[in-house]
Number of protein chains: 2
Amino acid sequence: MTPKSVKSTRKNTEPKAKLSRERVLQKALEIADQEGIQALTMRRLAQELEVEAMSLYYHFANKDRLLDGMIDRVFAEIELPPAGEWRSRIRTRAYSTRAALVRHRWALGLMESRTSPGPATLRHHDAVLECFRKNGFSVAAAAHAYSLLDSYVYGFVLQQINLPFNTFEEAGPAAESIMAEVAAGEYPYLVEMASEHIFKPGYDYAEEFGIGLEIVLDGLERLRKAN
Amino acid sequence: MTPKSVKSTRKNTEPKAKLSRERVLQKALEIADQEGIQALTMRRLAQELEVEAMSLYYHFANKDRLLDGMIDRVFAEIELPPAGEWRSRIRTRAYSTRAALVRHRWALGLMESRTSPGPATLRHHDAVLECFRKNGFSVAAAAHAYSLLDSYVYGFVLQQINLPFNTFEEAGPAAESIMAEVAAGEYPYLVEMASEHIFKPGYDYAEEFGIGLEIVLDGLERLRKAN
DNA sequence: CAAGGTAGCCTTACGATGTAAGATTGTCAA
DNA sequence: TTGACAATCTTACATCGTAAGGCTACCTTG
């Protein structure tokens, strides 16, 4: 099947690596990661792969299927430690999920509207459920736990991505334009929060993640015991 | 061609309502709510307003500014009860937020990439912070609380929207195609969850919301006491 | 070997989209 | 009357996803 032998005889110019689902997905991820999802057009993607746009349609029915595939790749990056205490395994998974979604900032926005999960996604969900079920969670409790956990993780990333800045250091320029609207005295509590908490050296919103996560994990523990 | 050569100051037989930021936003919400955000094009919007597409650009610099305005309208719909115990006020707000985001399913997807909050958004955040600060939350605790609370709410809605179905009743048709992929025995815990919990009469994922929310509120209470 | 099938990529074309540039009109103050 | 400004329209263009079909090299089958 693999035409390894390039016996094209004469004038076989150069490489022209063959197209494949994987190669297309790989390049699509690169473009979206580096330049944003709006930079990912079929023509642009094809160009980077040294092909014409319509060639992509041999491997993907349409752009939506391509996006589905990209989402599945992101889920494949999320790791669930194979062994250990359930709480630390779930914690690791939560951090891993956040890392993947921040690494691929376009992924969350794509999840809305995309309702057909790929194999990596299904496999992942199954593994998490297994972790719950084998550690004292009833079926119902596992459902509650999963819902709470993922809601928190997804929601946190959504907010983190929307933030105009993450750390105090990079806030500098943005801070002024924001404060300009805000400082008129209309939003006293936002001003308080900004000046006394957020606009302080060393502040990093990402660190909030761990605080909320431990609270969520405590909640999961109670779900586990309750049933 | 437009026979609107109205004599002068007198209003004619309802000739043509004037365009305005508010009227444009209103119609944009209607279209997006009823037919999805992809149906909202400048031409379509203009048509519904009985106007040409380019006329919209007098009121909005570009489509992104229009979308910003729409998001702000959604935030304006979220209510925070003006009085009462903090826990019940925050609970009400959480339900109200979820309702608004489900009513306008396109809103969450738009929030990614939109980083300039409108006045209603700022006002809303300010009111919530006030509620925390006046009820024993330190500045830091209020920051943690807000992060956790909104992460949960946004994340839950994100999942709810992505679900192919919400209740058992509407699951019927979709269930089969899903189970077809899944039933091969590769995902035993997903199958268990589906058959023993989700695919049961009366199941409604939306009800999970309250369960997780109370756990989150318990967490907030502990944040409040801790500092 | 020839004949035909098929996998994989390309060419051309079309309708839809956001919006730049500038023309046109209605209204009102001077 | 004039002129200015606010609000809307006309025209045009680059870019997008993708439908329809063509081309070519390889493989199978006789």
Side-chain angles (χ1 to χ4, degrees), chain A residues 1-25 27-28 31-32 35-70 106 109-110 113-114, chain B residues 1-25 27-28 31-32 35-70 106 109-110 113-114:
Chain A
M1 197 70 117
T2 40
K4 200 59 84 170
S5 55
V6 190
K7 56 159 312 186
S8 187
T9 58
R10 42 202 86 58
K11 69 139 354 146
N12 180 314
T13 51
E14 256 311 304
K16 196 73 169 186
K18 205 150 164 266
L19 221 47
S20 75
R21 258 190 78 91
E22 287 316 304
R23 245 171 50 79
V24 173
L25 282 175
K27 191 61 87 178
I31 295 174
E35 303 179 44
I37 194 71
Q38 82 292 339
L40 182 70
T41 69
M42 299 304 269
R43 286 174 230 262
R44 170 72 194 286
L45 178 55
Q47 179 190 320
E48 302 262 327
L49 291 162
E50 297 179 297
V51 204
E52 296 305 314
M54 289 311 290
S55 303
L56 303 172
Y57 286 85
Y58 183 80
H59 302 272
F60 297 88
N62 53 43
K63 192 177 184 182
D64 270 347
R65 296 288 125 227
L66 171 70
L67 296 177
D68 285 345
M70 292 171 68
W106 42 268
L110 245 58
S113 84
R114 225 137 296 281
Chain B
M1 178 156 185
T2 34
K4 68 187 303 255
S5 53
V6 181
K7 198 68 186 87
S8 59
T9 57
R10 274 293 158 272
K11 289 221 171 8
N12 203 4
T13 59
E14 52 178 317
K16 180 176 272 193
K18 209 156 160 252
L19 221 47
S20 75
R21 257 190 80 89
E22 286 317 305
R23 242 168 56 78
V24 173
L25 282 175
K27 191 61 87 178
I31 294 173
E35 303 178 43
I37 194 70
Q38 82 291 340
L40 182 70
T41 69
M42 298 304 270
R43 286 174 229 263
R44 170 72 193 284
L45 178 54
Q47 179 190 321
E48 302 262 327
L49 291 161
E50 295 180 297
V51 132
E52 296 304 313
M54 290 310 292
S55 302
L56 303 172
Y57 286 87
Y58 183 79
H59 302 274
F60 297 89
N62 53 43
K63 192 177 183 181
D64 271 347
R65 298 287 125 227
L66 171 71
L67 296 176
D68 284 345
M70 291 171 68
W106 42 269
L110 246 55
S113 84
R114 225 136 297 278

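A note on names: the letters A, B, ... follow the listed sequences, proteins ahead of strands, and every chain is numbered from 1.
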All N/O contacts under 3.5 Å from nucleotides 15-18 of chain D to the protein, with atom names and distances to one decimal?
residue : atom : partner : partner atom : Å
D/dG17  : OP1  : A/K63   : NZ           : 2.5
D/dG17  : OP2  : A/M42   : N            : 2.9
D/dG17  : N7   : A/R43   : NH2          : 2.6
D/dG17  : O6   : A/R43   : NH2          : 2.6
D/dT18  : OP2  : A/Y57   : OH           : 2.8
D/dT18  : OP2  : A/K63   : N            : 2.9

- Query: Is the distance from OP1 or OP2 of D/dA6 to the nearest side-chain N or O of B/H59 less than 4.0 Å?
  - Reply: no

- Message: Please confirm whether the shortest side-chain N or O distance from A/S55 to OP1 or OP2 of C/dC10 is below 4.0 Å.
- Response: yes

Taking only residues two or more places apart in sequence or in another chain, which ones pass side chain to side chain contact (heavy atoms under 4.5 Å, CB included) with [X]?
X	answer
A/E52	A/S55
B/R43	B/T41, B/A53
B/E22	B/S20, B/L25, B/R73
B/Q47	none

Take atom [atom1] of [X] and atom [atom2] of [N], then tell me their distance rounded to the nearest Å.
X	N	atom1	atom2	value
B/I37	C/dT17	CD1	P	13 Å
A/Y58	D/dT24	OH	C1'	14 Å
B/R65	C/dG18	CZ	P	16 Å
B/L56	D/dT10	CG	P	14 Å
B/R21	D/dA6	CZ	C1'	17 Å

- Item | Partners meeting salt bridge (Lys or Arg N to Asp or Glu O under 4.0 Å) with A/K63 (sequence neighbours left out) | none

- Query: Which is it for A/L45 and A/L56 under the side chain to side chain contact (heavy atoms under 4.5 Å, CB included) test, yes or no, and what are the steps along the way?
  - Reply: CA-CA 9 Å; A/L45 178 55; A/L56 303 172; 4.1 Å; yes

- Query: Which of the following nucleotides, C/dT11, D/dA6, D/dT10, is nearest to the side chain of B/E52?
  - Reply: D/dT10

